[in-house]
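Read the structure below first, then the notes.
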Amino acid sequence: MTSTGEPAPPPPGGVLWSLAGDIRGLLMLPAALTLQVAHPAVGAGVDDHSVFRTDPWGRGERSLSSLQLWVYGGEAAAEEGRRLRKLHRTIQGTDTRGRRYHALTPANYAWVHATGFPVYQHASRYLVRPLTDAQERALYGEWLQVGRILGIHDRDMPQTIEEFWPYYRRMLADEVEATVVVRELVAADAPVPPPDRGPLVLRLVLKVLWPVLLPPLARFRSFITIGLMPPDAREAIGLDWTPDQERRLRRFGAVVRRIVPLLPERLRYLPLARSARAGWRAAGGLRRRPGGPVRSG
């Protein structure tokens, strides 16, 4: 708990601190988001209520900012959790199986949160390094902290890794499917408008070049989204993945693992993460915590 009695964010220097603010986390997010919307209720909620089609860049920016606050926001993390719950209060409808849904139904909201852990665990093998058993357990404990920030009760989240994996496999067997939103997120030819964020000159250049840039970028997005999704989740949803694609992903991951650790901090970490890490170091941080941070190299 924080000094105000709110749920505390994950501890500085922990495993999640090493992963969530690293630019490699940007490559992991599409797989987690796609696994979330493979749930019929979550997919229907996004299909019916999200602006991801009309404002994809703004939607992505807001999602990323929210995630960074959960991990690096200090006492602002709990406020962000309350904001999200308020935002989702009116999201309801009928899912693809004809069932009534509400975004804040515990089973639905908990699945949105739960997907982050298996994606981080799997994608780290390619882009960072495999987690040790201690790091995996530390990551899960830290992810539970994120769930509490989001307002999810402990009774609605598996409290240990031993409880998580049976829950996860049950969800894959009984719930997930290739929803409309999943198919759009993994499509290599989905229409995406040019970026509307950043300096004006850059936006104008991208607008002119977008017909040339979009096709390879869309193919890469599809490739990385499917590739960094855990194999059992890919299979449950029905997403194709070939041995050749697996080899290409391993080669790409090897390059990323070599290059990113060489980058200066201002290029390697997102702004809020960079600021939080600097503040922690100034306060005498960098002590190794149980499980230890994830190191590259």
Side-chain angles (χ1 to χ4, degrees), residues 1-23 25-26 28-30 32-33 36-37 39 41-42 45-46 49-52 55-92 101-117 119-120 138-159 197 269-285 289 293:
M1 291 287 182
T2 65
S3 60
T4 59
E6 302 281 6
V15 178
L16 195 54
W17 256 56
S18 299
L19 293 174
D22 190 300
I23 58 171
L26 298 175
M28 303 178 189
L29 284 179
L33 295 171
Q36 289 173 10
V37 298
H39 188 292
V42 180
V46 171
H49 299 277
S50 177
V51 297
F52 81 99
D55 183 24
W57 301 101
R59 181 69 181 85
E61 182 180 61
R62 291 189 292 273
S63 295
L64 182 60
S65 297
S66 187
L67 170 59
Q68 295 295 291
L69 280 172
W70 307 342
V71 179
Y72 304 104
E75 294 195 355
E79 177 59 34
E80 176 64 9
R82 287 192 295 272
R83 185 191 72 82
L84 288 175
R85 290 185 67 83
K86 182 177 180 181
L87 182 69
H88 287 82
R89 283 176 187 166
T90 60
I91 297 178
Q92 56 187 313
Y101 73 82
H102 191 286
L104 294 180
T105 297
N108 302 337
Y109 206 47
W111 173 250
V112 171
H113 162 258
T115 56
F117 173 69
V119 170
Y120 274 130
L139 175 62
Y140 190 72
E142 292 162 15
W143 201 241
L144 287 177
Q145 286 296 105
V146 169
R148 295 177 186 118
I149 287 168
L150 295 176
I152 304 172
H153 296 293
D154 279 0
R155 64 176 179 268
D156 297 317
M157 299 183 290
Q159 291 298 291
R197 299 311 196 257
Y269 291 97
L270 299 172
L272 185 57
R274 194 165 64 245
S275 175
R277 287 168 61 86
W280 181 56
R281 282 196 300 269
R289 292 180 171 270

Could you go through Lys86 and Arg83, starting from their C-alpha distance and side-chain angles, then the distance that decides it, and tell me whether this counts as side chain to side chain contact (heavy atoms under 4.5 Å, CB included)? CA-CA 5 Å; Lys86 182 177 180 181; Arg83 185 191 72 82; 5.8 Å; no
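The structure places OH of Tyr269 at 10.0 Å from CD1 of Ile23, a figure rounded to the nearest 0.5 Å. Distance check, rounded to the nearest 0.5 Å: NE2 of His49 to CD of Gln92 gives 7.5 Å. A distance of 9.5 Å separates CD1 in Ile152 from CG in Leu144, rounded to the nearest 0.5 Å. Of the inter-residue distances, the one linking Tyr109 atom OH with Asp156 atom CG reads 12.0 Å to the nearest 0.5 angstrom. Atom CE of Met157 sits about 7.5 Å away from atom OH of Tyr140, to the nearest 0.5 Å. Rounding to the nearest 0.5 Å gives a distance of 7.5 Å between CG of Leu67 and CG of Leu16.
Contact between Ala32 and Thr115 at its shortest, heavy atoms only, is O-OG1, 3.7 Å. Ser18 approaches Asp22 most closely through the heavy-atom pair O-CB, 3.6 Å. Minimum heavy-atom separation, Gly21 to Ala273: CA-CB, 3.6 Å. The two atoms that bring Ala78 and Glu6 nearest to each other are CB-CB, 3.6 Å, heavy atoms only. The heavy-atom pair separating Val71 from Ala20 by the smallest distance is CG2-CB, 4.0 Å.
Counting only heavy atoms from C-beta outward, the side chains of Val37 and Phe52 never approach each other to under 4.5 Å. No side-chain heavy atom of Phe117 sits less than 4.5 Å from a side-chain heavy atom of Val146. At least one side-chain heavy atom of Ile91 sits less than 4.5 Å from a side-chain heavy atom of Tyr101. Asn108 has its side chain out of reach of Trp111: every pair of non-hydrogen atoms, C-beta onward, lies at least 4.5 Å apart. Contact check for Arg274 versus Arg277: no side-chain heavy atoms found under the 4.5 Å cut-off. Considering only heavy atoms from C-beta on, Ile149 stays 4.5 Å or farther from Glu80 through its side chain. By the 4.5 Å heavy-atom criterion applied to side chains, Leu64 and Glu61 are not counted as neighbours. In this structure, Glu142 and Trp17 have side chains that are not in contact, with every pair of non-hydrogen atoms separated by 4.5 Å or more.
A donor-acceptor contact shorter than 3.5 Å links the side chain of Gln145 to the backbone of Ala8. In this structure, His88 contributes its side chain and Leu104 its backbone to no donor-acceptor pair below 3.5 Å. Using a distance-only test at 3.5 Å, with no hydrogens or angles considered, no donor-acceptor pair links the side chain of Ser63 to the main chain of Gly60. Judged by distance alone, with hydrogens and angles left aside, the side-chain atoms of Gln159 form a donor-acceptor pair with the main-chain N or O of Asp154 at under 3.5 Å.
Checked against side chain to side chain donor-acceptor pair (under 3.5 Å), Arg155 has no partners two or more places apart in sequence or in another chain.
The aromatic rings of Trp143 and Tyr120 sit perpendicular, their planes meeting at an angle over 60°, well past the 30° parallel limit.
Ser66 and Arg62 form no side-chain donor-acceptor contact under 3.5 Å, judged by distance and modelled atom types alone.
Other residues, nucleotides and ligands contribute only 12 or fewer heavy atoms inside 6.0 Å of the CZ atom of Arg59.
The side chain to side chain contact (heavy atoms under 4.5 Å, CB included) test with Leu150 singles out one residue from His113, Arg85, Arg82, and that residue is His113.
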